[in-house]
There are 2 protein chains.
Amino acid sequence: MRGTAEMQMQDKEPAAPQRYPQGEVSRVPTRCASCNLHDLCLPCGLSGQDLDRIEELVYTRKRLDRGENLYRAGDDFSSLYAVRSGFFKTVQTLEDGREQVTGFHMAGEIMGMDGIGPETHSGSAVALEDSEVCVIPYSRLEKLGREMPQFHHQFHKVMSREIVQERSVMLLLGTMRAEERLAAFLLNLSQRFTARGYSASEFYLRMTREEIGSYLGLKLETVSRAFSRFQEDGLISVHQKHIQILDVLGLRRCMGQKSD
Amino acid sequence: MRGTAEMQMQDKEPAAPQRYPQGEVSRVPTRCASCNLHDLCLPCGLSGQDLDRIEELVYTRKRLDRGENLYRAGDDFSSLYAVRSGFFKTVQTLEDGREQVTGFHMAGEIMGMDGIGPETHSGSAVALEDSEVCVIPYSRLEKLGREMPQFHHQFHKVMSREIVQERSVMLLLGTMRAEERLAAFLLNLSQRFTARGYSASEFYLRMTREEIGSYLGLKLETVSRAFSRFQEDGLISVHQKHIQILDVLGLRRCMGQKSD
DNA sequence: CGGGGATTTGACACATATCAAGAGCGGTGG
DNA sequence: CCACCGCTCTTGATATGTGTCAAATCCCCG
């Protein structure tokens, strides 16, 4: 269970926000084959030769400062984006101005698929810390898909998983109570950090209570109270954005306690 | 704005549940090119010659009785399904047994995309009236996609729109109050019936109050009260499952009345 | 005509929102 | 280096929307 060869991040380190010196240009290789995220990201599951072909996919990286928009609702759609490093939120806005966070995105995850159908992004993506994304021109993705059945299928899987993921959020929003939602949220984050070689039990939140609340369909005060409650119950320890999960099973149990 | 040539259903008739005599085998053509739904369904936007090629796509139709499952959570994934006639709900279940309706599906809409990623369906699909679906083997869809760029792209669009649609439900569940949710729901149904050539202002609900509630994250009593409220306010008229929308603008207004 | 599920409606309970105040922390500028 | 400012977070008191429980009615279907 130790970090595998291609997993070059150190295990058990809490994932902490990073800051890149302004203006520095990324010199890490742009090729998917040598990217340590390749088995979390789009190329996941591709074999050696296919993996090499894939390098035509990404021809640009883009660096974003914290708070910067990767794209905005209404922007023309042209590319998908894979998070290379950093952390993002995606936001959806209603005509009357109400808005909701519809997702948080970390290394290896794909953003922008909402734009393919309408040819315009229906929501916005914002960097929550200084971040870097791989720009994947959609036209190139389609072309590669045609030439490489494996990759074609892989992309469908990624979209499909996005659909499944969103359905589970619908379930969360539709059937869970506040503390259950927060528990589910923390466990989900923990699991995703684990998959990236970071500690499962200790991490830094990149988002504010308000953003968590927006995502979970709660007000920030309710989120804060739930955090406090978990802490009182010894399930977690919270210091600002620093979270330690002390009792995973307790959190799990807390998710399934609805009588109905 | 009259029904176009390929739109052969009569306009302004309330869409009513249909019953096929048991055992009757569908003799309507299985070819997409001659299906009156082709511009709502997967082939939407394809030109003449491409449209002809598409007929390799569907080689089976499947008839379902009301209440029957098209697929269940955990079933192996092999095909997508296009609703040919009738009405479906898709349901997602939590480990602890709680479940939620994640969507309602009518003619021309595609179900089953949740299965591609996990290779297993994550939720179930149930016919809410006697229905018929076109079975689209996924392998065939991939193959056609490789050969026909237009179709390839079209499928991505369909998946993308599913993602967008689900995000708007997340918004509904996360930010709207009960009456807003129901108003949004009715307007959405109305719009989809309209696209199919049925009346925008008069239709029959295929689902129970409980199913509506499940979809909207509300209890059935709350749904019932909201219906009554709308009726008192002269926005709609309700008799059991028969709905008449009397004041579209009123319903729209009702959706955007949150101060926050 | 009878039975059972679906729907409506009322009374009440409860979870979460709202409003408000204060504390903690980080960044900026003196 | 310290003080101040603004933002985020916490916590309390109260309001309110929706859930829960219960009973009556409606309606479809056998």
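Computed from a predicted model, the values in this text were never measured in an experiment. Every chain is numbered from 1, with letters handed out A, B, ... down the list of sequences.
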Whole Å only: how far is the CG atom of B:Leu205 from the C1' atom of C:dA6? 13 Å
Looking across every strand, which nucleic acid part, if any, lies under 4.0 Å from B:Gly217 by heavy atom: base, sugar-phosphate, or nothing? sugar-phosphate
Rounded to whole Å, how long is the line connecting atom CD of B:Gln240 with atom P of C:dG5? 16 Å
Any heavy-atom pair between the side chains of B:Gln100 and B:Tyr215 that's under 4.5 Å? no
Categorize B:Ser224 for me: base, sugar-phosphate, or nothing, with a 4.0 angstrom heavy-atom threshold over every strand shown. base
Parallel, tilted or perpendicular: which fits the ring planes of B:Tyr81 and B:His121, with parallel below 30° and perpendicular above 60°? tilted
Parallel, tilted or perpendicular: which one describes the rings of B:His242 and B:Tyr204, with boundaries at 30° and 60°? tilted
With the side chain counted from C-beta on, respond yes when B:Ile245 and B:Phe203 share a heavy-atom pair under 4.5 Å apart, and no when they do not. yes
Which whole-number value in Å describes the distance from A:Arg229 CZ to D:dT10 C1'? 16 Å
Presence of donor-acceptor pair under 3.5 Å, side chain of B:Arg225 and base of D:dT20: yes
Distance check needed: C:dT9 C1' versus B:Glu221 CD, whole Å only. 10 Å
May I ask you to say whether B:Arg98 pairs ionically with A:Glu180, meaning some side-chain N is under 4.0 Å from a carboxylate O? yes
Counting just side-chain N and O atoms, does B:Lys241 come under 4.0 Å of either OP1 or OP2 of D:dC28? no
Verify the contact: side-chain N or O of A:Lys219 to OP1 or OP2 of C:dA15, cut-off strictly under 4.0 Å; return yes or no. no
Nearest-Å distance, NE2 (B:His239) to C1' (D:dC28)? 16 Å
For C:dA17, does either OP1 or OP2 sit under 4.0 Å from a side-chain N or O belonging to A:Thr222? yes
Side-chain contact test, heavy atoms from C-beta onward, threshold under 4.5 Å: evaluate it for A:Glu109 versus A:Met106 and give yes or no. yes
Whole-Å distance separating the CG atom of B:Leu182 from the P atom of C:dT8: 11 Å
If only side-chain N and O atoms of A:Arg209 are considered, is one of them under 4.0 Å from the OP1 or OP2 phosphate oxygen of D:dT10? yes
Is the shortest side-chain N/O distance from B:Thr208 to OP1 or OP2 of C:dG5 below 4.0 Å? no
Would you indicate what A:Leu220 reaches in the nucleic acid, counting non-hydrogen atoms under 4.0 angstrom: base, sugar-phosphate, or nothing? base
Test item: A:Ser131 side-chain N/O and A:Leu64 main-chain N/O as donor-acceptor pair under 3.5 Å: no
Could you state the CZ-C1' distance from B:Arg181 to D:dT18, rounded to the nearest angstrom? 10 Å
Could you give the angle between the helix axes at the two ends of the helix from C:dC1-D:dG30 to C:dG30-D:dC1, with five pairs per end, rounded to 10 degrees? 40°
Calculate the interatomic distance between A:Leu216 atom CG and C:dA17 atom P; express it in whole Å. 11 Å
